[in-house]
Enquirer: 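Have a look at this one before I ask anything.
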Amino acid sequence: MTQILRFVAYACAAYLVLLAAVWWFQRRLVYFPMGTPPPAARVLPGAQELTFETQDGLQLGAWFVPPAQAAPGAAPKAAIVVCNGNAGSRADRALLAAAL
């Protein structure tokens, strides 16, 4: 009986250490930012680099991909915004941008 209690105590202690480690490193476990993406034109032909500044001074990078078959002088009828979420970079969504 003592061995069973000892095993349960060790298992509970290991579980608590695991929970503490997950809590301590939670930001690193959730967000997997990649480095700076490659230049837009290298990934998507015709793509342009854009930068937006938020009210608090944060610089947000983006790529603009103009429509492939727009009539001369005609304004595009729609815009699509694709966000890469918390992992990877916009370069990972290049195939989606090319398809759209």
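Being a predicted model, the structure only gives us computed values, none of them experimental. Along the sequence shown, residues are numbered consecutively beginning with 1. These numbers come from the heavy atoms of this one structure, side chains and all, not from hydrogens, waters or symmetry mates.
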Enquirer: Between W63 and V43, is there a side-chain heavy-atom distance shorter than 4.5 Å?
Expert: yes
Enquirer: Can you name the nearest heavy-atom pair linking A98 to L44, along with the distance?
Expert: CB-CD2, 3.9 Å
Enquirer: Applying the side chain to side chain contact (heavy atoms under 4.5 Å, CB included) criterion to P37, which one of R42, R90, E49 satisfies it?
Expert: R90
Enquirer: Does a sphere of radius 6.0 Å around CD in Q59 hold more than 12 heavy atoms from other residues, nucleotides or ligands, not counting ones at 6.0 Å or beyond?
Expert: yes
Enquirer: To the nearest 0.5 Å, what is the distance between CG (L60) and OG1 (T51)?
Expert: 9.0 Å
Enquirer: May I ask you to check whether over 12 heavy atoms, not counting those of L16, lie within 6.0 Å of atom CG?
Expert: yes
Enquirer: Please give the remaining members of the hydrophobic cluster of L5, linking ILVMFWY side chains under 4.5 Å, ordered by chain and number.
Expert: none
Enquirer: Take V17 and L19 through the side chain to side chain contact (heavy atoms under 4.5 Å, CB included) test and state the conclusion after the steps.
Expert: CA-CA 5 Å; V17 167; L19 282 180; over 6 Å; no
